[in-house]
Amino acid sequence: MTEAAFTPRVFSGIQPSGNLHLGNYLGALKRFAEAQNKGIQTLYCMVDLHAITVWQDPADLARATRELAAGFIASGLDPARSILFNQSQVAEHTQMAWVFNCVARMGWMQRMTQFKDKAGKNAQNASLGLFAYPALMAADILTYHATHVPVGEDQKQHLELTRDIAIKFNHDYGVEFFPIPEPVIEGAATRVMSLRDGSSKMSKSDPSDMSRINLTDDADTIAKKIRKAKTDPEPLPSEVAGLEGRPEARNLVNIYAALADMTVDQVMAEAGGKPFSEFKPMLADLAVDRIAPISTEMARLMQDLSEIDRILADGAARARAIAAPILRQTYEIMGMVGAREV
Ligand code: AQP
């Protein structure tokens, strides 16, 4: 099957698990807005059903979902041009996820490194949902026949599993029904690292708030976190190759490049040879310039929660209009009686 058979459509999601951060912005949100601005149909989802694969306090989940919606809009997503919605408001995701639970193989799931990382040593006590997470993610994407999925590097393996599910379904039923979606992992910051440790990913769940720049941080906090970011004692090298083996330096250069819409080579041409005492203030100014307005706009949007709820309800209705016929056709292909009435 060729991709060309399907109209290009972009889908991606973020978990409303709090602490939306610079990695989510550069790896996902900023690129979501770029896809929207290319005029392709774009659907973006607050994946609350994914978030509950680990414990979420109900009040915190509700707040984080609305805050994430505000983060989407403040990052440039226009609810009139993109479909913005909350996953649990479109039941087709979970219906399709069950189908894919029956397509995916145990062995495929057991290979998922994110499950191993998140379940840790206590895998027997992890939720079944955490194990089945990638099948729900495949449902999110394929229920819209999405062809392109902008994500950070950490989601690559899950995307490969989505492709495997689409291929197996099409093969088992002898159809060319699901597209084989392409991961879109591009730019200088596909894997933003912790500001405290250049070998671990910047993440919502890192206990140290200094490890990440939150999209809700004010200008002073952003500048302070960059000033205190871990580095080595050497100045920046004069060429990209010199960043090899210097993960913290590499991370700050990548962040600069992504925020400034420059290549890493261009950053090195501008900042190569500078000590961190000069480079960090340059980066702090740039980060404040790009992130502080998002934080201000999020706070403004959070003043009117009923407007956020209205946007999500409208998005859910538009999402369902695409998802429902695709689920119905899936059921028909599988021989489910009454599929037309679903
Ligand atoms: N550090 C990162 N660099 C680049 N992209 C990142 N993403 C996450 N972290 C980075 C991308 O953001 C999108 C949404 O991620 P998510 O919230 O669905 O899940 P996650 O990847 O599990 O996020 P966290 O921060 O790492 O959460 P925890 O701490 O709970 O594990 C995805 O496109 C992801 O690639």
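Order of appearance sets the numbers: ligands from 1, and atoms from 1 within every ligand.
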With a cut-off of 3.5 Å and sequence neighbours excluded, list every side-chain donor-acceptor pair involving residues 263-275.
{"residue": "Thr263", "atom": "OG1", "partner": "Gln266", "partner atom": "N", "Å": "3.1"}
{"residue": "Thr263", "atom": "OG1", "partner": "Gln266", "partner atom": "OE1", "Å": "3.4"}
{"residue": "Gln266", "atom": "OE1", "partner": "Thr263", "partner atom": "N", "Å": "2.8"}
{"residue": "Glu270", "atom": "OE2", "partner": "Tyr256", "partner atom": "OH", "Å": "3.1"}

May I ask you to decide whether Asp309 forms a salt bridge with Arg66, counting only side-chain N to carboxylate O separations under 4.0 Å? yes
Any sub-3.5 Å donor-acceptor pair from Lys224's side-chain atoms to Met210's backbone N or O? no
Decide, yes or no, whether a salt bridge links Arg300 with Glu297 under the criterion of side-chain N to carboxylate O below 4.0 Å. yes
Heavy atoms, side chains only, cut-off 4.5 Å: are Val184 and Arg31 in contact? yes
Within the distance-only criterion (no hydrogens, no angle test), does the side chain of Gln41 pair as donor or acceptor with the backbone N or O of Arg9 below 3.5 angstrom? no
Which N or O atoms of ligand 1 sit under 3.5 Å from a protein N or O, and how far apart is each pair?
{"residue": "ligand 1", "atom": "1 (N)", "partner": "Val192", "partner atom": "O", "Å": "2.8"}
{"residue": "ligand 1", "atom": "1 (N)", "partner": "Met202", "partner atom": "O", "Å": "2.9"}
{"residue": "ligand 1", "atom": "3 (N)", "partner": "Val192", "partner atom": "N", "Å": "2.8"}
{"residue": "ligand 1", "atom": "5 (N)", "partner": "Gly23", "partner atom": "O", "Å": "3.2"}
{"residue": "ligand 1", "atom": "12 (O)", "partner": "Asn24", "partner atom": "ND2", "Å": "3.1"}
{"residue": "ligand 1", "atom": "17 (O)", "partner": "Gln15", "partner atom": "N", "Å": "3.3"}
{"residue": "ligand 1", "atom": "17 (O)", "partner": "Lys204", "partner atom": "NZ", "Å": "2.0"}
{"residue": "ligand 1", "atom": "18 (O)", "partner": "Gln15", "partner atom": "N", "Å": "3.4"}
{"residue": "ligand 1", "atom": "19 (O)", "partner": "Gln15", "partner atom": "NE2", "Å": "3.3"}
{"residue": "ligand 1", "atom": "21 (O)", "partner": "Asp154", "partner atom": "OD2", "Å": "2.6"}
{"residue": "ligand 1", "atom": "21 (O)", "partner": "Lys201", "partner atom": "NZ", "Å": "3.2"}
{"residue": "ligand 1", "atom": "22 (O)", "partner": "Lys118", "partner atom": "NZ", "Å": "3.2"}
{"residue": "ligand 1", "atom": "25 (O)", "partner": "His21", "partner atom": "NE2", "Å": "2.7"}
{"residue": "ligand 1", "atom": "25 (O)", "partner": "Lys204", "partner atom": "N", "Å": "2.8"}
{"residue": "ligand 1", "atom": "26 (O)", "partner": "Lys201", "partner atom": "NZ", "Å": "2.5"}
{"residue": "ligand 1", "atom": "29 (O)", "partner": "Ser203", "partner atom": "OG", "Å": "2.6"}
{"residue": "ligand 1", "atom": "29 (O)", "partner": "Lys204", "partner atom": "N", "Å": "3.2"}
{"residue": "ligand 1", "atom": "29 (O)", "partner": "Ser205", "partner atom": "N", "Å": "2.8"}
{"residue": "ligand 1", "atom": "29 (O)", "partner": "Ser205", "partner atom": "OG", "Å": "2.5"}
{"residue": "ligand 1", "atom": "31 (O)", "partner": "Lys118", "partner atom": "NZ", "Å": "3.1"}
{"residue": "ligand 1", "atom": "33 (O)", "partner": "Gly152", "partner atom": "N", "Å": "3.2"}
{"residue": "ligand 1", "atom": "35 (O)", "partner": "Gly152", "partner atom": "N", "Å": "2.8"}
{"residue": "ligand 1", "atom": "35 (O)", "partner": "Asp154", "partner atom": "OD1", "Å": "2.4"}

